[in-house]
Amino acid sequence: MTVRTRVAPSPTGDPHVGTAYIALFNLAFARQHGGQFILRIEDTDQARSTPESEQAILDSLRWLGMDWDEGPDVGGAHGPYRQSERREIYAEHVQRLLDSGHAFKCFRTAEELDAMRAQRQEAGNSMALKPSDLKLSDAEAAQREADGQSFVIRMMVPEEGVCVVDDMLRGDIELDWSQVDAQILMKSDGMPTYHLANVVDDHLMGITHVIRGEEWISSAPKHKLLYSYFGWDMPKLCHMPLLRNPDKSKLSKRKNPTSIMFYERMGFMPEALLNYLGRMGWSMPDEREKFSRDEMLGNFDIHRVSLGGPVFDVEKLRWLNSLWLRELTAEQFSERFAAWGFRPERVLPVIPHVQPRVEVFSDVAPLAGHFLGGLTALTPEAFAHKAFDEEKLLAALQFGLWQLEEIRHWSVEEIKERMFALAGQMDIKVRDFLYPFFIAIAGTSATISVLDTMALLGPDMSRSRVRHAIDVLGGVGKKKAKKMEKDYQQISAAIAASRAQPD
């Protein structure tokens, strides 16, 4: 048997360090066994998936030094490798499930589903909806279909009993079927959900081992059941421990930078970041902390993975990166620094904004030094402005951050439209509204347009600097966040409505 593993990220945002962590362990396992590693793009969420995000995933994993044997950019014998290009395959397989009675059309409306869940909650039952809750009589289902009512396709699941899932690290895991809902397999738009596409693709692509995050343990019974329905052998499962923040909570961008490209923009060496990810829950036989990718691949053993939640600590990463930096010769350091900071594709877009504002070359650094920096050195006093009190200042930055996080296609036009609209909704002059963003992004207002700066810096660094500014100002506690979210919902709805209106 040829070992085949895969990683299957969704192109719906910034490429996540958690994706790289799982990709690395899949790559290491495949290489240890002389097998193949596949990259597949799971873009079933068409509303949020973007080509830019897909390209960022490919670029970031390549930057880290990963390679794959099959994928959307390199081809292979089992393509297409984008789920959006495999719709006919999923339609054929879901029809097989319908024909065999292992799936059914569900016409239940959102209101009906809410009522069912409320009844189950009131009765103290599991919130998992079962076929007996959802299925209509044949006559009523036929009538709703004849009336043109939309439907989804759900899988049949047992109502009671225990499902035993064999895990490479954890042994047998027992999961109660009463907690497993009649999963949607195909949405009303004809796109599959992750659960159907994942199983069909893994089988057709010959995946032998599925190494994924432990958050998927609860879904394993559904996947095991689908393999049984299709009459296929199930791959070996291995659920890796989740990356954690230093406070042991699940790694999240609110507490830790999670975008791979943020670390590239900060000037971390890819070798160091990959080294650090390799340390997450795994150790070399000699326990040393610094090792290369090839050293990890040569010594990898999946059974050395610890199930304790590995902590992703940026300070520890900085220390490890410093070890890699110090081993460079002066010539290597110079070359690597120039390659990071002065790449033509990064520098040339900045020049048209800087050149008209300088008289001598020594003017460039004060004006544009923040393009070479990481998180800006800030003090609360730097944000003082007549247009803001403390509460309004935090709200402007937090609302602005939420607007920036909603941008799918990062451009100066999109940033400008959202920031200007937000300023209008908050009844603040645009110039005043942008002041705290100048400070957050550049550390000063005496520089080029903050909108142009954010466009040039990119989404990862721009959002991280605004989050950093909010932290410097004391952050947003749970009580304050709840009120802000309520206020923001109204503002966001108004902005969305104005953007939807024709010019």
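For this chain, numbers begin at 1 and follow the sequence in order. Owing to the predicted nature of the structure, the values given are computational and were not obtained by experimental measurement.
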Fill in: Positive for side-chain contact (heavy atoms from CB on, under 4.5 Å) with F438, one of T444, I448, L451, V450
V450
Item to complete: Return yes when atom CD of E391 has more than 12 non-hydrogen atoms of other residues, nucleotides or ligands closer than 6.0 Å, and no otherwise.
Response: no
Fill in: Salt-bridge criterion met for R144 and E112 (N-O under 4.0 Å)
yes
Item to complete: Ignoring hydrogens and angles, state whether a donor on the side chain of N275 or E271 is under 3.5 Å from an acceptor on the partner side chain.
Response: no
Fill in: Pairing of R418 and E406 as salt bridge, 4.0 angstrom limit
yes
Worksheet item: W319 and Y276: aromatic ring centres closer than 6.0 Å?
Response: no
Worksheet, complete the sentence: Hits for side-chain contact (heavy atoms from CB on, under 4.5 Å) against A396, two or more places apart or cross-chain, chain-then-number order -> F388, M426, F433
Worksheet, complete the sentence: Rounding to 0.5 Å, atoms OH (Y263) and OG (S464) come to a distance of 8.0 Å
Worksheet item: Is any NZ, NE, NH1 or NH2 atom of the basic residue among R48 and D45 found under 4.0 Å from an Asp or Glu carboxylate oxygen of the other?
Response: yes
Fill in: Distance-only side-chain donor-acceptor flag, H239 / R212, under 3.5 Å
yes
Discussion item. Any salt bridge linking R120 with E122? Criterion: basic side-chain nitrogen under 4.0 Å from a carboxylate oxygen.
Written reply: no
Worksheet item: What's the spacing between I441 CD1 and T447 OG1 if we round to 0.5 Å?
Response: 11.0 Å
Worksheet entry | Audit row: Y488, Q398, side-chain hydrogen bond (donor to acceptor under 3.5 Å, both in side chains) steps and yes/no | CA-CA 9 Å; Y488 178 73; Q398 184 63 69; over 6 Å; no
Worksheet item: Atom OG1 of T44 and atom CE of M186: how far apart are they, to the nearest 0.5 Å?
Response: 10.5 Å
Worksheet item: Looking just at side-chain N and O atoms, do E52 and H409 make a donor-acceptor pair shorter than 3.5 Å?
Response: yes
Worksheet item: Can E264 and S60 be counted as having a side-chain donor-acceptor contact under 3.5 angstrom?
Response: no
Fill in: Test: D181 and K222 ion pair at under 4.0 Å
yes
Discussion item. Tell me whether E214 contacts the main-chain N or O of L242 through its side chain, where contact means a donor paired with an acceptor under 3.5 Å.
Written reply: yes
Worksheet item: Would you say Q121 has more than 12 foreign heavy atoms packed within less than 6.0 Å of its CD?
Response: no
Worksheet item: For residues 11-20, which residue pairs qualify under side-chain hydrogen bond (donor to acceptor under 3.5 Å, both in side chains), counting only residues two or more places apart or in two chains?
Response: D14-R463
Worksheet item: Any salt bridge between R408 and E414, counting N to O under 4.0 Å?
Response: no
Discussion item. Is a donor from one side chain sitting under 3.5 angstrom from an acceptor on the other, for S49 and D43?
Written reply: no
Item to complete: State whether a side-chain donor-acceptor pair under 3.5 Å links Q83 with D201.
Response: yes
Worksheet item: Cationic tip of R62 within the cone over W68's six-membered ring, i.e. under 6.0 Å and within 45° of the normal?
Response: yes
